[in-house]
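Notes follow the structure.
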Amino acid sequence: RFPMATAAELDAPTDPLAAFRAEARDWLAANFPKSLAHQDVGLSALEGPSDPSADEAAWTKAMGDKGWGVPTWPQAYGGGGLSRAEARVLQDEMARIGAWNPIGGMGVMMFGPTLLEYGTEEQKQEHIPRIARNEVRWCQGYSEPGAGSDLAALQMFAEDKGDHYLVNGQKTWTSGGQWADKCFALVRTDKTRKHEGISFLLIDMDSPGVEVKPIRLISGASPFCETFFTNVQVPKGNLVGREGEGWTIGKRLLQHERSSLSGGGGSAGRLLAGKPLSQVAKDYRGPLSMLTPTNWNGACSGSLGCK
């Protein structure tokens with residue numbers, strides 16, 4: 001004999017994620033403006049940030065307040081606190097109604113996940129919630145005129161001045177630097193060691209001594225910049241990790257970038273999925289690195305960027 005199932009067991013959903021799927025579907029129905037459905041938001045934004053419509057602003061706020069713009073990040077820092085399986089359900093439900101994630105950029109795709117691993121509690125509390133709510137725009141300070149393929153040859157120097165660093169040097173190909181609020185940068189803190197002399201520093205782009213010069217392309221657009229740092233004072237609290245750990249932290253950040261670019265985080269892969277290359281070429285209106293927070297459709301780990 002086999003035990004007979006009870007009526008409650010027979011009525012119970014077979015999908016363990018069914019309850020969350022219903023929750024996500026109901027929340028999206030109540031919060032996603034139908035006017036934004038199925039918008040082509042993938043490959044534009046060479047002109048930089050634009051004024052969002054009322055519906056776009058409301059959708060961004062709703063996703064930020066819910067934490068679902070960064071669904072797998074901890075709730076303690078403004079994320080959704082979802083499991084990866086739940087995040088995939090959310091992605092599916094968003095795709096079903098043509099919804100897109102308005103929260104992204106380099107803060108989501110690269111810097112945020114890295115800071116969650118290496119940052120102090122104070123740094124996480126300061127920066128992660130603002131990224132999760134789409135309140136800050138980050139750029140990346142890696143490449144230099146003499147340090148591209150050999151990034152460890154970088155020379156931008158952060159001199160220890162006791163309570164702060166004094167930064168001097170130049171970065172190049174800074175994507176969106178003219179629109180960024182902050183920069184995560186690899187700097188040299190020790191001139192006697194190559195890899196071990198590199199540190200990971202956070203710099204406010206409105207600091208005195210920071211000068212951004214857009215690089216104009218043949219198309220007339222300027223998505224990249226030269227960025228100059230002249231006697232820029234950076235608080236010691238903006239050092240991520242310890243001095244000399246920048247190479248390790250910087251490589252980890254690039255792993256997050258590559259994961260998103262390959263579709264591992266659900267970003268670029270979903271953007272290009274199902275499109276022949278001829279159609280991608282027709283749709284292309286600027287470098288992928290210039291996707292802005294309002295122009296991305298990633299539900300799991302974020303947006304797209306470049307060095």
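- Not a single salt bridge (Lys or Arg N to Asp or Glu O under 4.0 Å) links Lys124 to another residue, sequence neighbours left out.
- Scanning all heavy atoms of the two residues, the minimum distance from Thr72 to Ala87 falls at CG2-CB, 3.8 Å.
- At distances below 3.5 Å, not a single donor-acceptor pair connects side-chain atoms of Arg133 with backbone N or O atoms of Gly64.
- Annotation: side chain of Met109 is in contact with side chain of Glu257 (closest heavy-atom distance under 4.5 Å).
- Rounded to the nearest 0.5 Å, atoms CD1 (Ile215) and CZ (Phe224) are 8.0 Å apart.
- A 4.5 Å side-chain heavy-atom check between Lys182 and Phe111 finds every atom pair outside the cut-off.
- Lys66 contributes atom NZ, which lies 8.0 Å from atom CG of Asn31 (distance to the nearest 0.5 angstrom).
- Between the side chain of Asp190 and the backbone N or O of Gly197 there is no donor-acceptor pair closer than 3.5 Å.
- For the pair Ile131 and Gly112, the tightest heavy-atom approach, listed with the atom from each and the gap, is CD1-CA, 4.3 Å.
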Can you check side-chain contact (heavy atoms from CB on, under 4.5 Å) on Val136 and His127, steps first, answer last? CA-CA 9 Å; Val136 60; His127 298 296; over 6 Å; no
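- With a 4.5 Å cut-off on side-chain heavy atoms, His195 and Lys251 do not count as touching.
- Between Trp59 and Pro102, the shortest heavy-atom distance links the atoms NE1-CD, 3.5 Å.
- Put simply, the side chain of Arg188 gets close to the backbone of Lys194: a donor and an acceptor are under 3.5 Å apart.
- Remark: Ser143 OG to Leu186 CG distance equals 9.5 Å, nearest 0.5 Å.
- Connection of Trp27 to Val70 is established within a shared hydrophobic cluster, with ILVMFWY side chains joined at heavy-atom distances below 4.5 Å, either directly or through further cluster members.
- A distance of 11.0 Å separates CD of Glu135 from OG1 of Thr60, quoted to the nearest 0.5 Å.
- With hydrogens and angles disregarded, no donor-acceptor distance shorter than 3.5 Å links the side chain of Asn168 to the backbone of Phe157.
- Glu226 and Lys213 are not joined by a salt bridge, as no carboxylate oxygen comes within less than 4.0 angstrom of a charged side-chain nitrogen.
- When all heavy atoms are compared, the tightest approach of Ala132 to Gly78 is CB-O, 3.5 Å.
- The hydrophobic cluster containing Leu239 also includes Met156, Tyr165, Val167, Val187, Leu201, Ile203, Met205, Val210, Val212, Phe229, Val232, Val234, under a criterion of side-chain heavy atoms closer than 4.5 Å among ILVMFWY residues, counted directly or through chains of members.
- Formation of a donor-acceptor pair under 3.5 Å by the Asp204 side chain with backbone atoms of Asp206 is not found in this model.
- Within 6.0 Å of CD in Glu121 there are more than 12 heavy atoms belonging to other residues, nucleotides or ligands.
- Here the straight-line distance linking atom SG of Cys225 with atom CH2 of Trp179 works out to 7.0 Å at 0.5 Å rounding.
- Side-chain contact between Leu82 and Phe20: present, with at least one pair of heavy atoms (C-beta onward) separated by less than 4.5 Å.
- Counting only heavy atoms from C-beta outward, the side chains of Leu17 and Arg88 never approach each other to under 4.5 Å.
- Under the 4.5 Å side-chain heavy-atom criterion for grouping Ile, Leu, Val, Met, Phe, Trp and Tyr, Phe228 is not connected to Trp173 through any hydrophobic cluster.
- Counting only heavy atoms from C-beta outward, the side chains of Leu154 and Tyr142 never approach each other to under 4.5 Å.
- Shown here are the side chain to side chain donor-acceptor pair (under 3.5 Å) partners of Asp55, two or more places apart in sequence or in another chain: Ser35.
- Not one N or O on the side chain of Trp73 forms a donor-acceptor pair closer than 3.5 Å with the backbone of Val108.
- Here the side chain of Lys171 pairs no donor or acceptor atom with the backbone of Gln140 at under 3.5 angstrom.
- Gln123 places a side-chain N or O within donor-acceptor distance of the main-chain N or O of Gly237, the cut-off being under 3.5 Å.
- Residues Trp68 and Met94 are not in side-chain contact: their nearest non-hydrogen atoms beyond the backbone lie 4.5 Å or more apart.
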Intermediate values then yes/no, side-chain contact (heavy atoms from CB on, under 4.5 Å), Asn101 and Met63: CA-CA 8 Å; Asn101 191 344; Met63 284 286 278; 3.9 Å; yes
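- The minimum heavy-atom distance between Thr172 and Pro145, with the atom names listed, is CG2-N, 3.9 Å.
- Counting heavy-atom neighbours within 6.0 Å of Arg242 CZ, excluding the residue itself, gives a total of 12 or less.
- Checking Gln255 against Arg258 by side-chain atom types alone, no donor-acceptor pair falls below 3.5 Å.
- What you find for Pro113 and Gly107 is that their closest heavy atoms are CD-O, 4.0 Å.
- Surrounding NZ of Lys236 are more than 12 heavy atoms belonging to other residues, nucleotides or ligands, all under 6.0 Å away.
- Interatomic distance, CG of Leu217 versus OG of Ser222, reported as 6.5 Å (0.5 Å rounding).
- Panel note: side chain Gln233, backbone His164; no donor-acceptor pair is recorded below 3.5 Å.
- Checking side-chain atoms of Glu245 against main-chain N and O of Tyr118 turns up no donor-acceptor pair under 3.5 Å.
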